[in-house]
Enquirer: 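Here's a structure for you.
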There are 2 protein chains.
Amino acid sequence: MARTTGSDGEKTEAAVREAAVSLIARLGYEAMSMRQLAAEVGVQAAALYRYFPTKEDLLFTLMREHMEGLLKAWGAARPASADPVTRLAAYVENHIAFHIERRHATHVSNMELRSLSHERLTQILKMRTAYEKELRTILRDGAEAGVFQIDDTGLTAMALIQMMTGVIVWFRPGERLSIAEVTASYLSMTMRLVGATISHGTARPSGRARDAVAL
Amino acid sequence: MARTTGSDGEKTEAAVREAAVSLIARLGYEAMSMRQLAAEVGVQAAALYRYFPTKEDLLFTLMREHMEGLLKAWGAARPASADPVTRLAAYVENHIAFHIERRHATHVSNMELRSLSHERLTQILKMRTAYEKELRTILRDGAEAGVFQIDDTGLTAMALIQMMTGVIVWFRPGERLSIAEVTASYLSMTMRLVGATISHGTARPSGRARDAVAL
DNA sequence: GAATTAATTGAACGTTCGTTTTATTATGTC
DNA sequence: GACATAATAAAACGAACGTTCAATTAATTC
């Protein structure tokens, strides 16, 4: 009835995070109890409080690290090129790859915002806005350069992000489509949606998706 | 401490539904307590059980009627024409109008599915699938007729629905854009995304959104 | 106006919740 | 091997949860 043999704080904390993401994604934050989470980790509920002072702290930590990871991933994937088409393609590819890889965490970050305190909600939304702004900038640059035909930059950015993030709702790894096929299709749909004028000669304006993507 | 003057079952039930949609949309189903809901209606918690036997029954009723309303609305808006472009335009317009008008109910129907029992979840998903199938059929017909350039009908249908439904996340009535402007933009983006060949001479293939929509 | 039905209250039920406290044991250090 | 520290268990806290029940009053019916 105390410390167990082989117990290790770092490993336990990592196990708690992993189990929490999976449980919250499946049951929802409010519906998941600390006792359930503890049972999943193989520990008593009280032990969780060694790592996270409250349930909401746990949620916030998961969300903050998810958003930081997204911004960091885009920072690494962002191309040096100034060409809007290249930048948009990189954004789409990074977004889809990241979100498919972290389906559960994305679910949590998108669905459980209302369980955060006002202050913490603001923090998360700030990161999200920064990420979305990157896309708006690309779209605006492309529109000004005349390579995109866009009605409303803000509206188009939101539509694209909703469309891309929606992948996690229906995509299941190992089913009909591979990640590469899904990414190729979404890239093609994106380019068509923004009315991209193909500048690399790799695709025709009204060509099939495969053409527009196979670069 | 009993029946109150002027009390009326029908009015109370309607008030409960309305308050429930709004509260669940704002707080989430699990986070909303029956006492909170009762207070919003101006009644004691026990009174709710005269209208809905359990909390989950209440949720299910709201969702089922929302989905029935969506299918009914599409049934009324579905054009007689066989032209895929006309049908797709009607689908987009109906979808956006319906979802903007019922933002809160849509939020509930999309976010709280995991709180339903397996059997009831199946019922709701059946209706949702039937609604989505209508779009897939339009896309397939258009692709076969050669007026749409589509890679994967199922994937495109999901992408379009996610994109359109996403409107409720950011759209707020009375702000920058009107419902008509939003609908016009989404219609334009949709037609471009599916690579629609304009058959009415109302827009150029690579034209601005306004051109493609102003019919 | 008496009897019946509809609508609601107030109190209580047992359960579960997030969290705290205290005790206990394993591990690392000298 | 003594001692400090890290990691957990076990038990308990008050509060809140969904729900039930009996009592009570308003509206309706005859």
Side-chain angles (χ1 to χ4, degrees), chain A residues 1-24 26-63 108 112 114-120, chain B residues 1-24 26-63 108 112 114-117 120:
Chain A
M1 49 166 90
R3 178 164 189 172
T4 56
T5 66
S7 59
D8 177 335
E10 282 193 33
K11 287 181 184 170
T12 302
E13 179 171 351
V16 170
R17 287 165 190 258
E18 199 175 331
V21 168
S22 154
L23 270 183
I24 296 175
R26 188 161 75 244
L27 311 173
Y29 169 76
E30 295 282 353
M32 177 200 75
S33 77
M34 294 300 268
R35 285 171 179 84
Q36 249 179 311
L37 173 58
E40 192 83 4
V41 176
V43 102
Q44 291 298 314
L48 302 175
Y49 289 82
R50 171 165 253 275
Y51 307 100
F52 302 96
T54 69
K55 192 185 178 189
E56 197 213 315
D57 277 284
L58 168 57
L59 176 64
F60 177 65
T61 300
L62 298 177
M63 286 187 172
V108 173
E112 308 294 351
R114 58 188 163 201
S115 294
L116 292 179
S117 70
H118 180 74
E119 189 204 3
R120 289 175 156 175
Chain B
M1 47 168 90
R3 178 164 189 174
T4 56
T5 67
S7 60
D8 177 335
E10 281 192 32
K11 286 181 184 171
T12 303
E13 180 170 349
V16 169
R17 286 164 191 258
E18 199 176 330
V21 167
S22 154
L23 270 182
I24 296 175
R26 187 160 78 245
L27 311 173
Y29 169 76
E30 296 281 353
M32 177 201 74
S33 76
M34 293 301 267
R35 285 171 179 83
Q36 251 180 308
L37 173 57
E40 192 82 5
V41 176
V43 103
Q44 291 298 314
L48 303 175
Y49 289 83
R50 170 164 253 274
Y51 307 100
F52 302 97
T54 70
K55 193 186 179 188
E56 197 214 315
D57 277 284
L58 169 57
L59 176 65
F60 177 64
T61 300
L62 297 177
M63 287 187 170
V108 172
E112 308 295 351
R114 59 190 163 201
S115 294
L116 292 179
S117 70
R120 289 175 157 176

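Chain letters run A, B, ... following the sequence lines, proteins first and then strands; every chain starts at 1.
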Enquirer: Minimum heavy-atom separation for B:Y29 to B:I24, with atom names?
Expert: N-CG2, 3.6 Å
Enquirer: Within the structure provided, determine whether A:R17 and A:Y51 are in side-chain contact (heavy-atom separation under 4.5 Å).
Expert: no
Enquirer: Please determine whether the number of non-hydrogen atoms from other residues, nucleotides or ligands lying under 6.0 Å from atom CD of A:E18 exceeds 12.
Expert: no
Enquirer: In whole angstrom, give the distance that lies between atom CG of A:L37 and atom C1' of C:dT16.
Expert: 16 Å
Enquirer: Roughly, in whole Å, what's the span from CZ in B:R50 to P in C:dG10?
Expert: 17 Å
Enquirer: Using atom OH of B:Y51 as one end and atom P of C:dA6 as the other, report the distance to the nearest whole Å.
Expert: 11 Å
Enquirer: Picking from D:dA9, D:dT25, C:dG10, which would you name as closest to the side chain of B:Q44?
Expert: C:dG10
Enquirer: Return the minimal non-hydrogen interatomic distance between B:R35 and B:A45, and the atom names on each side.
Expert: CG-CB, 4.0 Å
Enquirer: If the sugar-phosphate is the primed atoms plus P, OP1 and OP2 and the base is the rest, what is the B/S/- string for nucleotides 16-22 of chain D, using protein heavy atoms under 4.0 Å?
Expert: -BBBBB-
Enquirer: So A:V41 and A:K11, do their side chains get closer than 4.5 Å, heavy atoms only?
Expert: no
Enquirer: Would you classify A:F52 as touching base, sugar-phosphate or nothing, given that sugar-phosphate means primed atoms plus P, OP1 and OP2, and contacts are heavy atoms under 4.0 Å?
Expert: nothing
Enquirer: Between protein and nucleic acid, restricted to nucleotides 27-30 of chain D and to nitrogen or oxygen atoms under 3.5 Å apart, what atom pairs and distances do you find?
Expert:
{"unit_1": "D:dA27", "atom_1": "OP1", "unit_2": "B:G6", "atom_2": "N", "d": "2.8"}

Enquirer: Counting neighbours of CD on A:E56 that are heavy atoms of other residues, nucleotides or ligands and sit closer than 6.0 Å, is the number greater than 12?
Expert: yes
Enquirer: Atom CD in A:E13, atom OG1 in A:T61: separation rounded to 0.5 Å?
Expert: 8.5 Å
Enquirer: NZ of A:K11 versus P of D:dT8: gap in Å, rounded?
Expert: 11 Å
